[in-house]
Amino acid sequence: MKKDMLTGFIAIVVMTVFLGIVYPLAVTGISQVVFPSRADGSQVKVDGEVVGSSLIGQSFSRPVIGKNGKPVLDEEGEEVLAPDPAYFQPRPSGTGYSADVTYFANVGPNSAEGREEVREALATYVALEKPYDHSLTKDRVPVDAVTHSASGVDPHISEANARIQAHRIAAVRKLPLSQVEDLIAANTDGRSLGLLGEPGVNVLMLNIALDEEAPLK
Amino acid sequence: MAQGWLQIAVFLVVLIALIKPVGIYMARVFTNQRVFLTPVVGPIERLAYRALRVRPDAEGQDWKSYARSVIVFSLFSWLALYLILRTQGIQPFNPQGFHSGPWDLSFNTASSFVTNTNWQYYGGETTLTYFTQMAGLTVQNFVSAAVGIAVVVALIRGIVARSGRQLGNFWQDLVRILLYILVPISIIGALFLVSQGVIQNLGDYSVIHTLTGGTQILGQGPVASQEVIKELGTNGGGFFNVNSAYPFENPSGLTNFFELLLILIIPASLTYTYGRLVGNQRQGWAIFSAMFVLFMAGVAVVYFAEQHGTPAQHLAGLHTHAFDGSTGGNLEGKEQRFGIAGSSLWTAVTTVTSCGAVNAAFESLTGLGAAVPFANLGFSEVIFGGVGTGLYSMLLYVLLAVFIGGLMVGRTPEYLGKKIGAREIKLVSLGVLVTPLAVLLSSALASATELGKRSIYAGINPQGFSETLYAYLSQANNNGSALAGYTGFIQSNPPGNVGAYGISFADLLGGVVMVGARFLPILFVLAVAGALAGKKVSPAGLGTMRTDNPTFVVLLVGIVILVGALTFFPALLLGPVVQSLTTRLF
């Protein structure tokens with residue numbers, strides 16, 4: 001028993017040092033040398049400034065400005081945000097696209113609240129896109145556009161979702177629709193190895209490409 | 001769905017192709033033979049024995065001695081982890097300045113990681129220092145997995161022993177499993193994950209100014225080195241709160257595939273190792289087949305269910321059919337890049353094994369889809385199961401099946417030439433029943449008390465009951481996945497854990513359940529190993545019931561289903577079954 005205690009004590013100390021310090025630091029060291037950009041979170045720069053990570057979705061909304069020239073606040077004193085029509089919009093997030101406090105939206109399958117959220121998201125989506133895509137009806141809205149992602153920062157939207165939003169972008173940015181569609185295709189991450197996962201349009205990368213192609217004044 | 005099934009088929013083909021080489025390799029490691037890594041690892045191994053003061057070949061252990069070493073080592077592991085969790089304020093690698101966790105939450109977390117459960121009441125990126133993640137959690141990811149494998153190796157030695165009572169040396173098994181299996185795969189796997197976008201750094205969280213003038217803070221950390229062993233060791237505790245749904249843990253379809261493979265490779269290959277060690281490969285394939293049948297049933301059900309959307313979505317007027325450019329289905333709480341197929345396969349894989357890492361929100365699964373994780377946990381993690389734990393739990397069921405089969409044909413039950421007597425069957429029954437018993441008692445207690453109800457998120461309704469039942473199913477089976485609304489920790493002002501506190505009832509009950517349902521079965525398993533080790537082997541005769549043919553596989557599957565269903569059916573009726581039969585909202 002005494003020998004077991006001694007061995008057990010030494011074992012956890014030695015293993016903490018090697019598996020808990022040496023191993024992760026060694027992997028960090030190698031990663032920082034061989035894959036520095038990936039290891040630091042695939043950060044993307046525009047004009048030398050980091051604007052996000054290509055793997056992490058972000059909000060493309062802006063504060064609503066009231067008649068008095070100040071941002072409109074809701075009952076809780078938070079700024080009311082509205083989608084910026086000049087940008088492709090990401091999937092709904094249950095966390096405000098937080099990348100340092102993550103949690104699931106936890107909407108249950110039989111949740112009455114969940115039904116209201118989907119109903120509202122559908123109405124908002126159709127209201128935003130229908131002026132530009134007249135044939136849009138509720139039954140053409142792809143599921144990714146009105147459901148919370150798991151991470152809250154899903155970087156992708158579906159191709160169908162992007163194709164609907166393309167009409168709005170083309171109108172607002174005064175670009176031919178075909179050019180917007182080409183940009184979508186260029187910023188679509190296909191299935192890995194052509195087989196694994198689902199294709200998705202990377203919203204941040206697409207919006208950066210849009211800004212380059214047709215800068216906002 | 002055809003494309004989705006193709007992905008699932010490719011996954012299965014790759015997995016099955018790897019089972020033989022990995023199985024053979026592990027068999028050589030467990031029997032102290034030379035492997036291709038020996039020239040590199042051998043010197044480190046000898047150094048480790050010197051440091052631990054063990055002379056492995058001279059010190060075989062009987063079951064009591066082996067069990068004592070397991071318990072002593074796990075006790076020190078628990079103390080070390082608890083100490084680390086409670087001293088965060090003075091640690092290096094703490095760029096966010098996190099404080100120590102509350103005592104009750106730390107009790108739960110320490111119990112969780114030492115038992116290979118990785119149930120998480122805390123949020124990683126908002127409460128834990130990089131030091132805790134590395135020196136506390138990553139270490140337990142490795143060693144709790146190694147302990148599980150060591151126990152099954154000891155059981156196998158007991159089954160095949162021709163004489164004596166020795167089950168090998170725990171410390172030697174621990175060292176060899178770490179050095180020859182878990183660490184090498186982790187180093188290579190971690191670097192591969194980084195190459196695909198999983199982060200690995202020690203930097204501050206980066207503050208970013210977004211294109212529309214907002215700010216976003218990117219959580220950072222040494223993620224890949226933990227991610228890989230979290231899957232490989234069927235641990236499952238995410239670096240980030242949303243686990244493998246988070247792009248920095250699991251950025252693409254390829255990493256999703258790779259991580260799924262990591263989760264299943266050891267539990268699946270151990271069946272081959274088993275066949276090799278008992279000298280009859282068909283015995284291993286029989287066990288594999290039983291596991292595979294149950295696994296595929298789960299995959300099919302959850303994929304079918306999730307492709308159909310939820311009552312809440314349908315009533316809101318959303319069309320959940322798939323069409324060109326859209327996955328369709330229930331994408332609530334799922335990521336676009338994994339889609340319905342990748343999320344469904346993961347849901348089945350992570351709950352048949354005791355991994356519990358998730359790439360989608362379980363709370364948002366359809367009623368029928370959620371029934372699969374419930375069922376997989378209800379079968380006590382014997383469908384592949386955790387590394388080591390899955391096979392030893394399944395072997396208890398095999399002995400049970402042999403016993404019941406023996407009763408049916410009226411002969412003395414025997415397995416691989418060893419007679420199964422009253423003592424063995426008593427131990428097997430205890431080993432099989434202790435986990436379900438822990439689940440039912442604890443979830444009943446939590447459902448019936450006001451203290452228990454404080455943890456519920458969805459309210460007092462079927463979903464709320466599902467949360468509670470699942471929480472204790474998951475903790476007792478050392479799985480760790482959750483219907484994540486259920487909580488044992490209130491973080492009032494995230495990020496940072498100032499003013500945060502645990503819910504003592506949930507933390508303590510869960511911690512006790514995890515420890516009890518991990519170590520009691522281990523003791524029973526080792527006792528069975530000890531009992532079998534001393535038995536003489538009699539040659540198989542005409543009347544011997546075969547345990548390597550399809551008939552036995554059917555019997556085994558039947559018994560697993562029977563025990564699970566009889567135990568949990570009443571409880572399941574109140575939660576997921578009600579939810580999948582109704583379109584009512586609440």
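In what follows, chains carry the letters A, B, and so on, assigned in the order in which the sequence lines appear, proteins first and then strands, with residues in each chain numbered from 1.
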Pair B/Q463-A/S111, side-chain donor/acceptor within less than 3.5 Å: no
Between A/Q43 and B/S206: side-chain donor-acceptor atoms closer than 3.5 Å: yes
Side chain, backbone, both or neither of B/Y246 within contact of chain A (heavy atoms, under 4.5 Å): both
Chain A contact via B/N359 - side chain, backbone, both or neither, heavy atoms under 4.5 Å: backbone
Which atoms of B/V143 approach chain A - backbone, side chain, both or neither, heavy atom under 4.5 Å: side chain
Student check: side-chain heavy atoms of B/E363 and A/V107 closer than 4.5 Å: no
CA sep, side-chain torsions, deciding dist, call: B/N141, A/L19, side-chain contact (heavy atoms from CB on, under 4.5 Å): CA-CA 10 Å; B/N141 275 311; A/L19 303 173; over 6 Å; no
Which of A/S59, A/S37, A/S42, A/A11 touches chain B most, by non-hydrogen pairs under 4.5 Å: A/A11
Whether over 12 other heavy atoms sit under 6.0 Å from A/F18 CZ: no
Portion of B/V228 that has a non-hydrogen atom of chain A nearer than 4.5 angstrom: side chain
Chain A contacts, top residue of B/G342, B/S343, B/G328 (heavy-atom pairs, under 4.5 Å): B/G328
Structural part of B/V198 lying under 4.5 Å from a heavy atom of chain A: backbone
Chain B contact via A/Y23 - side chain, backbone, both or neither, heavy atoms under 4.5 Å: side chain
Contact leader toward chain B among A/A160, A/S158, A/A39, A/G57, where contacts are heavy-atom pairs under 4.5 Å: A/A39
Partner chain A: residue of B/D324, B/N256, B/V358, B/T255 with the largest heavy-atom pair count (under 4.5 Å): B/D324
Reported CG-to-CZ distance for the pair B/L193 and A/F35, which is rounded to 0.5 angstrom: 10.5 Å
Other residues, nucleotides, ligands: >12 heavy atoms within 6.0 Å of A/K138 NZ: no
Reported OG-to-CD1 distance for the pair A/S98 and B/I217, which is rounded to 0.5 angstrom: 7.5 Å
Interchain contact, B/A80 with chain A, by part (heavy-atom threshold 4.5 Å): side chain
Pairs of heavy atoms under 4.5 Å with chain A: top-ranked of B/G136, B/G339, B/G197: B/G197
Polar side chain donor-acceptor pair, B/Q200 to A/T28, under 3.5 angstrom: yes
Structural part of A/R163 lying under 4.5 Å from a heavy atom of chain B: side chain
Gap between atom CZ of A/R115 and atom CG of B/L318 - 0.5 Å precision: 14.0 Å
Most chain B-contacting option - heavy-atom pairs closer than 4.5 Å, from A/G114, A/P109, A/S192: A/P109
Residue A/Q58 versus chain B: region with a heavy atom under 4.5 Å: both
Residue part contacting chain A, namely of B/L137, when any heavy atom lies under 4.5 Å: neither
Exam field: side chain A/D100 to backbone B/L218, donor-acceptor pair closer than 3.5 Å: no
Check: A/V27 main-chain N/O paired with B/S225 side-chain donor or acceptor under 3.5 Å: no
Region of A/L122 that comes under 4.5 Å of a non-hydrogen atom in chain B: side chain
Which atom of B/V72 lies closest to which atom of A/G8, heavy atoms considered: CG1-CA, 4.5 Å
Pick from A/V17, A/N110, A/V46 with the largest number of heavy-atom pairs that fall under 4.5 Å of chain B: A/N110
Side chain, backbone, both or neither of B/Q220 within contact of chain A (heavy atoms, under 4.5 Å): side chain
Region of B/Q140 in contact with chain A, defined by heavy-atom distances below 4.5 Å: side chain
Where B/I199 and A/R38 come nearest, the two heavy atoms and their spacing: CG2-O, 3.9 Å
Aromatic centroids of A/F104 and B/F362 separated by under 6.0 Å: no
Under 4.5 Å from any heavy atom of chain A - which part of B/T138: side chain
Portion of A/N207 that has a non-hydrogen atom of chain B nearer than 4.5 angstrom: both
Among the listed options A/V118, A/I21, A/L195, the residue most often paired with chain B at heavy-atom distances under 4.5 Å: A/L195
Flag for B/Q313-A/T147: side-chain donor and acceptor within less than 3.5 Å: no
Minimum heavy-atom distance between B/S65 and A/D4, given as atom pair plus value: O-OD2, 4.4 Å
From CG (B/L6) to CZ (A/R191), nearest 0.5 Å: 9.0 Å
Interface moiety of B/L365 toward chain A, non-hydrogen atoms closer than 4.5 Å: backbone
Atom OH of B/Y205 with >12 non-hydrogen neighbours under 6.0 angstrom: yes
Atom pair CD1/CD1 of B/I187 and A/I30 - distance to nearest 0.5 Å: 7.5 Å
Over all atoms of both residues, closest heavy-atom pair of A/S149 and B/E335: CB-OE2, 3.3 Å
Heavy-atom contact with chain B under 4.5 Å, split by part of A/D189: neither
A/E198 (side chain) donor-acceptor with B/Q336 (main chain) under 3.5 angstrom: no
Per-residue contact mode, A/P24 against chain B (heavy atom under 4.5 angstrom): both
Nearest non-hydrogen partners of A/S61 and B/T212, listed with the distance: O-OG1, 3.4 Å
Side-chain touch A/L204/B/L211, heavy atoms, less than 4.5 angstrom: yes
Gap separating the CD1 atom of A/I157 from the OG atom of B/S326, nearest 0.5 angstrom: 11.5 Å
Within 6.0 angstrom of A/E116 CD, more than 12 heavy atoms from elsewhere: yes
Selection from B/G219, B/G213, B/P247 maximising heavy-atom pairs under 4.5 Å formed with chain A: B/P247
When A/V153, A/V34, A/L193 are compared by non-hydrogen pairs under 4.5 Å with chain B, the top option: A/V153
Side-chain donor or acceptor of B/E125 paired with backbone N/O of A/T102 under 3.5 Å: yes
Interface moiety of B/F323 toward chain A, non-hydrogen atoms closer than 4.5 Å: side chain
Side-chain donor or acceptor of B/K334 paired with backbone N/O of A/H148 under 3.5 Å: no
Region of B/T582 in contact with chain A, defined by heavy-atom distances below 4.5 Å: both
B/H314, part contacting chain A, at a heavy-atom distance under 4.5 Å: neither
Considering all heavy atoms, the nearest A/Y97-B/Q216 contact: O-NE2, 3.0 Å
